[in-house]
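Working notes, beginning with the structure itself.
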2 protein chains.
Amino acid sequence: MAVSARRGAPLTLEEISTTALRLMDEGGVEGLSMRKLAAALDVNPMSLYHHVDNKEALIRLICSTAAQRMELPPDDGSPWRDQLRALGLAYHRNAVEHPAMWSYLHDHPEIIADRKLVLWQTLYRILRLAGIPEPELRRTSDVLHAFVTGFVIAETKGHLPVDEAERDFDTAIRLIIEGLAGLAR
Amino acid sequence: MAVSARRGAPLTLEEISTTALRLMDEGGVEGLSMRKLAAALDVNPMSLYHHVDNKEALIRLICSTAAQRMELPPDDGSPWRDQLRALGLAYHRNAVEHPAMWSYLHDHPEIIADRKLVLWQTLYRILRLAGIPEPELRRTSDVLHAFVTGFVIAETKGHLPVDEAERDFDTAIRLIIEGLAGLAR
DNA sequence: ACCTGAACACCGTTCAAGT
DNA sequence: ACCTGAACACCGTTCAAGT
(Lines give C-alpha, C1' and ligand atoms only; values in the text may rest on other atoms or scores of the structure.)
Protein backbone atom coordinates (compact mmCIF):
# COMPACT_ATOMS: atom_id res chain seq x y z
CA MET A 1 0.00 0.00 0.00
CA ALA A 2 2.86 2.34 0.78
CA VAL A 3 0.77 4.42 3.16
CA SER A 4 2.54 6.85 5.47
CA ALA A 5 4.41 5.28 8.32
CA ARG A 6 3.06 7.78 10.83
CA ARG A 7 -0.58 8.14 9.81
CA GLY A 8 -3.27 5.74 8.68
CA ALA A 9 -4.72 7.23 5.52
CA PRO A 10 -3.04 8.33 2.28
CA LEU A 11 -2.60 12.02 1.55
CA THR A 12 -5.15 13.81 -0.58
CA LEU A 13 -4.76 17.04 -2.52
CA GLU A 14 -7.81 18.39 -0.72
CA GLU A 15 -6.25 17.73 2.68
CA ILE A 16 -2.95 19.26 1.61
CA SER A 17 -4.49 22.42 0.28
CA THR A 18 -6.84 23.09 3.21
CA THR A 19 -4.06 22.56 5.74
CA ALA A 20 -1.74 24.77 3.71
CA LEU A 21 -4.35 27.52 3.60
CA ARG A 22 -4.76 27.29 7.36
CA LEU A 23 -1.02 27.71 7.84
CA MET A 24 -1.07 30.75 5.56
CA ASP A 25 -4.03 32.23 7.44
CA GLU A 26 -2.26 31.77 10.75
CA GLY A 27 1.27 32.81 9.89
CA GLY A 28 1.27 34.63 6.57
CA VAL A 29 3.15 33.45 3.50
CA GLU A 30 6.27 32.95 5.57
CA GLY A 31 4.20 30.80 7.95
CA LEU A 32 3.77 28.24 5.21
CA SER A 33 6.74 26.03 4.48
CA MET A 34 6.79 22.61 2.89
CA ARG A 35 8.38 21.23 6.04
CA LYS A 36 5.88 22.80 8.44
CA LEU A 37 3.03 21.66 6.22
CA ALA A 38 4.39 18.12 6.23
CA ALA A 39 4.67 18.26 10.02
CA ALA A 40 1.08 19.50 10.31
CA LEU A 41 -0.02 16.59 8.13
CA ASP A 42 2.17 14.19 10.11
CA VAL A 43 4.03 13.12 7.00
CA ASN A 44 7.51 13.23 5.53
CA PRO A 45 8.23 16.54 3.78
CA MET A 46 9.05 14.74 0.55
CA SER A 47 5.68 13.01 0.37
CA LEU A 48 4.15 16.34 -0.60
CA TYR A 49 6.06 16.34 -3.86
CA HIS A 50 4.05 13.36 -5.00
CA HIS A 51 0.91 15.50 -5.04
CA VAL A 52 2.28 18.89 -5.96
CA ASP A 53 5.05 20.04 -8.27
CA ASN A 54 6.60 22.54 -5.89
CA LYS A 55 5.77 25.21 -3.35
CA GLU A 56 4.69 27.76 -5.94
CA ALA A 57 2.27 25.28 -7.53
CA LEU A 58 0.89 24.53 -4.08
CA ILE A 59 0.17 28.18 -3.35
CA ARG A 60 -1.39 28.62 -6.77
CA LEU A 61 -3.62 25.66 -6.04
CA ILE A 62 -4.69 27.14 -2.71
CA CYS A 63 -5.45 30.49 -4.27
CA SER A 64 -7.39 29.29 -7.26
CA THR A 65 -9.56 26.85 -5.33
CA ALA A 66 -10.26 29.45 -2.66
CA ALA A 67 -11.14 32.01 -5.34
CA GLN A 68 -13.52 29.55 -6.96
CA ARG A 69 -15.22 28.78 -3.65
CA MET A 70 -15.66 32.40 -2.61
CA GLU A 71 -19.25 33.08 -1.66
CA LEU A 72 -20.54 35.82 -3.91
CA PRO A 73 -23.93 37.52 -3.85
CA PRO A 74 -26.37 36.11 -6.44
CA ASP A 75 -28.41 38.32 -8.72
CA ASP A 76 -31.36 39.21 -6.49
CA GLY A 77 -32.73 41.84 -8.82
CA SER A 78 -31.80 44.71 -6.53
CA PRO A 79 -30.27 47.97 -7.88
CA TRP A 80 -26.68 47.73 -9.07
CA ARG A 81 -25.45 50.03 -6.31
CA ASP A 82 -26.70 47.59 -3.68
CA GLN A 83 -25.31 44.62 -5.55
CA LEU A 84 -21.92 46.30 -5.87
CA ARG A 85 -21.88 47.01 -2.17
CA ALA A 86 -22.75 43.38 -1.45
CA LEU A 87 -19.91 42.24 -3.71
CA GLY A 88 -17.49 44.56 -1.94
CA LEU A 89 -18.59 43.14 1.40
CA ALA A 90 -18.01 39.60 0.12
CA TYR A 91 -14.47 40.57 -0.93
CA HIS A 92 -13.92 42.17 2.43
CA ARG A 93 -15.17 39.17 4.39
CA ASN A 94 -12.93 36.84 2.42
CA ALA A 95 -9.90 39.10 2.78
CA VAL A 96 -10.33 39.17 6.55
CA GLU A 97 -10.42 35.38 6.58
CA HIS A 98 -7.44 34.87 4.26
CA PRO A 99 -5.31 38.01 4.23
CA ALA A 100 -2.07 36.33 3.14
CA MET A 101 -3.82 34.58 0.29
CA TRP A 102 -5.21 37.87 -0.98
CA SER A 103 -1.81 39.49 -0.85
CA TYR A 104 -0.40 36.64 -2.87
CA LEU A 105 -3.26 36.84 -5.37
CA HIS A 106 -2.72 40.55 -5.73
CA ASP A 107 0.92 39.93 -6.62
CA HIS A 108 0.05 37.05 -8.99
CA PRO A 109 -3.07 38.16 -10.85
CA GLU A 110 -2.57 35.55 -13.59
CA ILE A 111 -3.90 32.95 -11.13
CA ILE A 112 -7.41 34.34 -11.49
CA ALA A 113 -7.07 35.62 -15.04
CA ASP A 114 -9.77 33.27 -16.37
CA ARG A 115 -12.79 35.47 -17.06
CA LYS A 116 -15.16 32.53 -16.66
CA LEU A 117 -14.63 32.54 -12.89
CA VAL A 118 -17.76 33.46 -10.91
CA LEU A 119 -15.80 36.34 -9.50
CA TRP A 120 -15.52 38.00 -12.91
CA GLN A 121 -18.96 36.93 -14.07
CA THR A 122 -20.50 38.56 -11.00
CA LEU A 123 -18.58 41.75 -11.57
CA TYR A 124 -19.49 41.81 -15.27
CA ARG A 125 -23.17 41.37 -14.45
CA ILE A 126 -23.15 44.30 -12.03
CA LEU A 127 -21.18 46.52 -14.39
CA ARG A 128 -23.66 45.81 -17.18
CA LEU A 129 -26.45 46.84 -14.83
CA ALA A 130 -24.51 50.02 -14.06
CA GLY A 131 -24.53 50.87 -17.74
CA ILE A 132 -20.91 50.15 -18.66
CA PRO A 133 -20.79 49.39 -22.41
CA GLU A 134 -19.76 45.87 -23.42
CA PRO A 135 -16.36 46.74 -24.96
CA GLU A 136 -15.35 48.48 -21.72
CA LEU A 137 -16.26 45.58 -19.42
CA ARG A 138 -12.83 43.95 -19.39
CA ARG A 139 -11.04 47.17 -18.63
CA THR A 140 -13.52 48.47 -16.09
CA SER A 141 -13.70 45.18 -14.21
CA ASP A 142 -9.90 45.02 -14.05
CA VAL A 143 -9.71 48.50 -12.60
CA LEU A 144 -12.46 47.88 -10.10
CA HIS A 145 -11.03 44.58 -9.02
CA ALA A 146 -7.63 46.20 -8.48
CA PHE A 147 -9.23 49.00 -6.47
CA VAL A 148 -11.27 46.75 -4.23
CA THR A 149 -8.47 44.26 -3.73
CA GLY A 150 -6.07 47.07 -2.96
CA PHE A 151 -8.51 48.46 -0.45
CA VAL A 152 -9.37 45.24 1.37
CA ILE A 153 -5.71 44.31 1.68
CA ALA A 154 -4.82 47.72 3.07
CA GLU A 155 -7.81 47.52 5.38
CA THR A 156 -6.74 44.10 6.62
CA LYS A 157 -3.24 45.29 7.53
CA GLY A 158 -4.43 48.56 8.99
CA HIS A 159 -5.75 47.31 12.35
CA LEU A 160 -8.18 50.19 12.62
CA PRO A 161 -10.94 50.22 15.24
CA VAL A 162 -13.96 48.40 13.81
CA ASP A 163 -16.21 51.41 13.37
CA GLU A 164 -13.47 53.33 11.57
CA ALA A 165 -13.05 50.37 9.26
CA GLU A 166 -16.75 50.39 8.48
CA ARG A 167 -16.71 54.07 7.62
CA ASP A 168 -13.60 53.57 5.49
CA PHE A 169 -15.37 50.80 3.62
CA ASP A 170 -18.36 53.02 3.14
CA THR A 171 -16.23 55.82 1.71
CA ALA A 172 -14.50 53.38 -0.63
CA ILE A 173 -17.69 51.88 -1.97
CA ARG A 174 -19.39 55.24 -2.38
CA LEU A 175 -16.39 56.55 -4.26
CA ILE A 176 -16.58 53.61 -6.64
CA ILE A 177 -20.32 53.89 -7.11
CA GLU A 178 -20.20 57.61 -7.82
CA GLY A 179 -17.27 57.02 -10.15
CA LEU A 180 -19.06 54.30 -12.07
CA ALA A 181 -22.17 56.40 -12.38
CA GLY A 182 -19.98 59.17 -13.75
CA LEU A 183 -18.25 56.87 -16.23
CA ALA A 184 -21.56 55.48 -17.48
CA ARG A 185 -22.88 58.98 -18.06
CA MET B 1 40.80 50.78 10.75
CA ALA B 2 39.02 47.47 10.46
CA VAL B 3 38.02 48.13 6.90
CA SER B 4 36.80 45.23 4.80
CA ALA B 5 39.43 42.78 3.70
CA ARG B 6 38.08 42.65 0.16
CA ARG B 7 37.24 46.27 -0.57
CA GLY B 8 38.87 49.61 0.16
CA ALA B 9 36.17 51.78 1.70
CA PRO B 10 33.92 51.21 4.74
CA LEU B 11 30.27 50.36 4.20
CA THR B 12 27.68 53.10 4.35
CA LEU B 13 23.98 52.81 5.01
CA GLU B 14 23.37 54.71 1.76
CA GLU B 15 25.38 52.19 -0.24
CA ILE B 16 23.68 49.26 1.46
CA SER B 17 20.19 50.54 0.84
CA THR B 18 20.66 51.53 -2.82
CA THR B 19 22.26 48.19 -3.66
CA ALA B 20 19.51 46.35 -1.79
CA LEU B 21 16.85 48.27 -3.70
CA ARG B 22 18.55 47.36 -6.97
CA LEU B 23 18.49 43.68 -6.03
CA MET B 24 14.79 43.97 -5.20
CA ASP B 25 14.09 45.72 -8.49
CA GLU B 26 15.90 43.03 -10.42
CA GLY B 27 14.71 39.89 -8.66
CA GLY B 28 11.72 40.72 -6.49
CA VAL B 29 11.63 40.33 -2.72
CA GLU B 30 13.02 36.83 -3.04
CA GLY B 31 15.87 38.28 -5.12
CA LEU B 32 17.12 40.13 -2.07
CA SER B 33 18.96 38.10 0.52
CA MET B 34 21.45 39.25 3.10
CA ARG B 35 24.02 36.97 1.57
CA LYS B 36 23.47 38.09 -2.01
CA LEU B 37 23.52 41.69 -0.88
CA ALA B 38 26.82 41.13 0.89
CA ALA B 39 28.21 39.49 -2.24
CA ALA B 40 27.06 42.43 -4.36
CA LEU B 41 28.83 44.78 -1.94
CA ASP B 42 31.88 42.52 -1.87
CA VAL B 43 31.70 42.14 1.87
CA ASN B 44 31.14 39.47 4.49
CA PRO B 45 27.42 38.80 5.08
CA MET B 46 27.81 39.52 8.77
CA SER B 47 29.20 43.01 8.18
CA LEU B 48 25.70 44.12 7.21
CA TYR B 49 24.46 43.52 10.72
CA HIS B 50 26.67 46.35 11.92
CA HIS B 51 24.58 48.81 9.96
CA VAL B 52 21.15 47.25 10.07
CA ASP B 53 19.27 45.31 12.74
CA ASN B 54 18.00 42.57 10.46
CA LYS B 55 16.54 41.93 7.03
CA GLU B 56 13.13 43.35 7.89
CA ALA B 57 14.68 46.58 9.14
CA LEU B 58 16.69 46.76 5.94
CA ILE B 59 13.62 46.48 3.73
CA ARG B 60 11.80 49.03 5.85
CA LEU B 61 14.74 51.37 5.38
CA ILE B 62 14.68 50.89 1.62
CA CYS B 63 10.95 51.50 1.44
CA SER B 64 10.79 54.57 3.63
CA THR B 65 13.74 56.33 2.00
CA ALA B 66 12.40 55.53 -1.47
CA ALA B 67 8.96 56.80 -0.46
CA GLN B 68 10.49 60.02 0.82
CA ARG B 69 12.46 60.54 -2.36
CA MET B 70 9.55 59.91 -4.71
CA GLU B 71 9.18 62.73 -7.19
CA LEU B 72 5.73 64.20 -6.76
CA PRO B 73 4.08 66.97 -8.76
CA PRO B 74 4.26 70.39 -7.05
CA ASP B 75 1.25 72.65 -6.70
CA ASP B 76 1.23 74.38 -10.07
CA GLY B 77 -2.15 75.96 -9.58
CA SER B 78 -3.85 73.76 -12.18
CA PRO B 79 -7.31 72.24 -11.58
CA TRP B 80 -7.43 69.40 -9.03
CA ARG B 81 -8.41 66.88 -11.70
CA ASP B 82 -5.18 67.55 -13.57
CA GLN B 83 -3.15 67.50 -10.38
CA LEU B 84 -4.70 64.19 -9.35
CA ARG B 85 -3.88 62.71 -12.73
CA ALA B 86 -0.29 63.93 -12.39
CA LEU B 87 -0.05 62.35 -8.96
CA GLY B 88 -1.40 59.08 -10.31
CA LEU B 89 1.19 59.15 -13.06
CA ALA B 90 3.93 59.75 -10.50
CA TYR B 91 2.76 56.68 -8.53
CA HIS B 92 2.65 54.69 -11.72
CA ARG B 93 6.13 55.72 -12.82
CA ASN B 94 7.56 54.79 -9.43
CA ALA B 95 5.73 51.47 -9.34
CA VAL B 96 7.16 50.51 -12.73
CA GLU B 97 10.65 51.30 -11.45
CA HIS B 98 10.30 49.49 -8.12
CA PRO B 99 7.47 46.94 -8.34
CA ALA B 100 8.67 44.68 -5.54
CA MET B 101 9.09 47.63 -3.21
CA TRP B 102 5.51 48.73 -3.85
CA SER B 103 4.19 45.27 -3.18
CA TYR B 104 6.05 45.22 0.09
CA LEU B 105 4.78 48.68 1.00
CA HIS B 106 1.25 47.63 0.22
CA ASP B 107 1.58 44.73 2.64
CA HIS B 108 3.25 46.89 5.31
CA PRO B 109 1.38 50.20 5.26
CA GLU B 110 2.70 51.21 8.68
CA ILE B 111 6.03 52.05 7.00
CA ILE B 112 4.49 55.13 5.41
CA ALA B 113 1.91 55.83 8.10
CA ASP B 114 3.47 59.20 8.97
CA ARG B 115 1.07 61.81 7.59
CA LYS B 116 3.84 64.39 7.34
CA LEU B 117 5.35 62.56 4.36
CA VAL B 118 5.20 64.58 1.11
CA LEU B 119 3.18 61.73 -0.32
CA TRP B 120 0.32 62.36 2.08
CA GLN B 121 0.71 66.13 2.08
CA THR B 122 0.40 66.16 -1.71
CA LEU B 123 -2.69 63.99 -1.59
CA TYR B 124 -4.24 66.11 1.17
CA ARG B 125 -3.64 69.28 -0.84
CA ILE B 126 -5.36 67.87 -3.92
CA LEU B 127 -8.28 66.49 -1.93
CA ARG B 128 -8.81 69.87 -0.31
CA LEU B 129 -8.90 71.40 -3.75
CA ALA B 130 -11.46 68.78 -4.76
CA GLY B 131 -13.70 69.93 -1.95
CA ILE B 132 -13.28 67.07 0.52
CA PRO B 133 -14.07 68.44 4.01
CA GLU B 134 -11.20 68.50 6.51
CA PRO B 135 -12.52 65.76 8.88
CA GLU B 136 -12.78 63.37 5.92
CA LEU B 137 -9.25 63.93 4.63
CA ARG B 138 -7.62 61.08 6.55
CA ARG B 139 -10.21 58.56 5.47
CA THR B 140 -10.49 59.68 1.88
CA SER B 141 -6.72 59.82 1.38
CA ASP B 142 -6.38 56.30 2.81
CA VAL B 143 -8.99 54.96 0.43
CA LEU B 144 -7.53 56.72 -2.56
CA HIS B 145 -4.01 55.64 -1.74
CA ALA B 146 -5.17 52.04 -1.42
CA PHE B 147 -7.00 52.26 -4.76
CA VAL B 148 -4.11 53.77 -6.66
CA THR B 149 -1.53 51.49 -5.08
CA GLY B 150 -3.72 48.49 -5.77
CA PHE B 151 -4.07 49.58 -9.35
CA VAL B 152 -0.44 50.33 -10.10
CA ILE B 153 0.68 47.03 -8.57
CA ALA B 154 -1.88 45.09 -10.61
CA GLU B 155 -0.87 47.05 -13.67
CA THR B 156 2.80 46.27 -13.08
CA LYS B 157 2.19 42.52 -12.89
CA GLY B 158 -0.27 42.46 -15.75
CA HIS B 159 2.18 42.73 -18.65
CA LEU B 160 -0.45 44.32 -20.87
CA PRO B 161 0.46 45.93 -24.20
CA VAL B 162 1.45 49.53 -23.56
CA ASP B 163 -1.55 51.19 -25.16
CA GLU B 164 -3.94 48.94 -23.22
CA ALA B 165 -2.11 49.94 -20.04
CA GLU B 166 -2.57 53.60 -20.88
CA ARG B 167 -6.28 53.20 -21.44
CA ASP B 168 -6.57 51.20 -18.21
CA PHE B 169 -4.83 53.99 -16.36
CA ASP B 170 -7.16 56.50 -17.94
CA THR B 171 -10.23 54.52 -16.86
CA ALA B 172 -8.87 54.21 -13.33
CA ILE B 173 -8.12 57.90 -12.94
CA ARG B 174 -11.42 58.96 -14.46
CA LEU B 175 -13.28 56.65 -12.12
CA ILE B 176 -11.53 58.21 -9.15
CA ILE B 177 -12.09 61.75 -10.36
CA GLU B 178 -15.79 61.18 -11.01
CA GLY B 179 -16.07 59.44 -7.67
CA LEU B 180 -14.41 62.26 -5.79
CA ALA B 181 -16.56 64.83 -7.51
CA GLY B 182 -19.58 62.78 -6.46
CA LEU B 183 -18.39 62.52 -2.85
CA ALA B 184 -17.71 66.24 -2.63
CA ARG B 185 -21.21 67.00 -3.90
C1' DA C 1 1.76 4.22 -6.76
C1' DC C 2 3.13 6.26 -2.78
C1' DC C 3 6.31 7.11 0.79
C1' DT C 4 10.99 7.92 2.87
C1' DG C 5 16.05 9.45 4.51
C1' DA C 6 20.09 11.39 3.20
C1' DA C 7 22.02 15.01 0.85
C1' DC C 8 22.67 19.63 -1.50
C1' DA C 9 22.42 24.35 -1.99
C1' DC C 10 20.55 27.83 -0.12
C1' DC C 11 18.53 31.07 3.85
C1' DG C 12 18.77 34.62 8.42
C1' DT C 13 21.13 35.27 12.48
C1' DT C 14 24.22 34.63 16.93
C1' DC C 15 28.49 34.58 18.92
C1' DA C 16 33.20 34.81 19.90
C1' DA C 17 37.22 36.41 17.93
C1' DG C 18 40.00 39.42 15.30
C1' DT C 19 42.00 44.61 13.90
C1' DA D 1 34.20 50.86 15.74
C1' DC D 2 34.01 47.76 12.23
C1' DC D 3 34.77 43.41 10.20
C1' DT D 4 35.06 38.25 10.03
C1' DG D 5 34.49 32.72 10.15
C1' DA D 6 32.33 29.14 12.20
C1' DA D 7 28.12 27.52 13.69
C1' DC D 8 22.95 26.85 14.30
C1' DA D 9 18.41 26.37 12.94
C1' DC D 10 15.92 26.76 9.35
C1' DC D 11 14.47 26.56 4.04
C1' DG D 12 13.07 24.06 -1.00
C1' DT D 13 14.20 20.36 -3.71
C1' DT D 14 16.71 16.08 -6.00
C1' DC D 15 17.69 11.48 -5.93
C1' DA D 16 18.04 6.77 -4.96
C1' DA D 17 15.93 3.47 -2.24
C1' DG D 18 12.23 1.30 0.02
C1' DT D 19 6.97 -1.07 0.17
Side-chain angles (χ1 to χ4, degrees), chain A residues 1-63 100-101 103-104 107-108 111, chain B residues 1-63 100-101 103-104 107-108 111:
Chain A
M1 289 282 230
V3 131
S4 162
R6 326 187 216 175
R7 53 204 302 285
L11 273 179
T12 66
L13 210 53
E14 174 70 30
E15 191 184 7
I16 290 175
S17 102
T18 56
T19 308
L21 180 54
R22 185 168 55 75
L23 288 181
M24 253 181 118
D25 290 346
E26 289 167 4
V29 203
E30 63 276 22
L32 170 62
S33 80
M34 298 301 269
R35 295 173 117 107
K36 281 188 211 155
L37 175 58
L41 290 165
D42 201 12
V43 112
N44 184 289
M46 299 316 118
S47 304
L48 297 171
Y49 287 88
H50 261 270
H51 300 86
V52 132
D53 272 355
N54 50 40
K55 188 182 180 180
E56 198 195 322
L58 170 63
I59 302 186
R60 295 173 73 95
L61 174 71
I62 296 170
C63 289
M101 193 203 77
S103 288
Y104 192 89
D107 279 356
H108 301 81
I111 295 177
Chain B
M1 291 279 230
V3 131
S4 162
R6 325 186 217 175
R7 55 204 301 285
L11 273 179
T12 66
L13 210 53
E14 174 70 29
E15 191 185 8
I16 290 175
S17 102
T18 56
T19 308
L21 179 56
R22 184 169 55 75
L23 288 181
M24 254 180 119
D25 290 346
E26 289 167 4
V29 203
E30 63 276 22
L32 171 62
S33 81
M34 298 300 270
R35 294 172 117 107
K36 280 188 212 154
L37 175 58
L41 291 166
D42 200 14
V43 113
N44 184 289
M46 298 316 119
S47 304
L48 297 171
Y49 287 88
H50 261 270
H51 299 86
V52 132
D53 272 354
N54 50 40
K55 188 182 181 180
E56 198 196 321
L58 170 65
I59 301 185
R60 295 172 72 95
L61 174 70
I62 296 170
C63 289
M101 192 203 78
S103 287
Y104 192 89
D107 279 355
H108 301 80
I111 295 177

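Just so you know, these numbers use all the heavy atoms, side chains as well, and skip hydrogens, waters and symmetry mates. None of these values were measured; they are calculated from a predicted model.
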Whole-Å distance separating the [atom1] atom of [X] from the [atom2] atom of [N]:
{"X": "B:K36", "N": "C:dT13", "atom1": "NZ", "atom2": "P", "value": "15 Å"}
{"X": "A:D53", "N": "D:dT13", "atom1": "CG", "atom2": "P", "value": "10 Å"}
{"X": "A:M34", "N": "C:dA9", "atom1": "CE", "atom2": "C1'", "value": "17 Å"}
{"X": "B:L23", "N": "C:dC11", "atom1": "CG", "atom2": "P", "value": "11 Å"}
{"X": "B:L13", "N": "D:dA1", "atom1": "CG", "atom2": "C1'", "value": "15 Å"}
{"X": "B:R35", "N": "D:dG12", "atom1": "CZ", "atom2": "P", "value": "16 Å"}
{"X": "A:L41", "N": "C:dC3", "atom1": "CG", "atom2": "P", "value": "11 Å"}
{"X": "B:E30", "N": "C:dC11", "atom1": "CD", "atom2": "P", "value": "12 Å"}

Considering only heavy atoms from C-beta outward, does the side chain of [X] approach that of [Y] to under 4.5 Å?
{"X": "A:L58", "Y": "A:L37", "answer": "yes"}
{"X": "B:V29", "Y": "B:S103", "answer": "no"}
{"X": "A:I59", "Y": "A:E56", "answer": "no"}
{"X": "B:Y104", "Y": "B:I62", "answer": "no"}

- Item | 5' precedence on DNA chain D between A:S33 and A:H50 (nearest-nucleotide basis) |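 So the residue in question is A:S33.
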
- Query: Which atoms form the tightest heavy-atom contact between B:K55 and B:L32, and what is the distance?
  - Reply: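 Of all heavy-atom pairs spanning B:K55 and B:L32, the closest is NZ-O, 3.0 Å.
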
Between [options], spot the one nearest the side chain of [X], thanks.
{"X": "B:Y49", "options": "C:dT14, C:dG5, D:dT4", "result": "C:dT14"}
{"X": "B:L11", "options": "D:dT4, D:dC3, C:dC11", "result": "D:dC3"}
{"X": "A:S47", "options": "C:dT4, D:dT4, D:dT14", "result": "C:dT4"}
{"X": "B:M46", "options": "C:dC3, D:dA6, C:dA6", "result": "D:dA6"}

- Which residue lies more 5' along DNA chain C, comparing B:L32 with A:H51 via nearest heavy atoms: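 Closer to the 5' end of DNA chain C: A:H51.
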
Identified pairing partner of [N], criterion: Watson-Crick or G-U wobble below 3.5 Å:
{"N": "D:dC3", "answer": "none"}
{"N": "C:dA17", "answer": "none"}
{"N": "D:dC8", "answer": "C:dG12"}

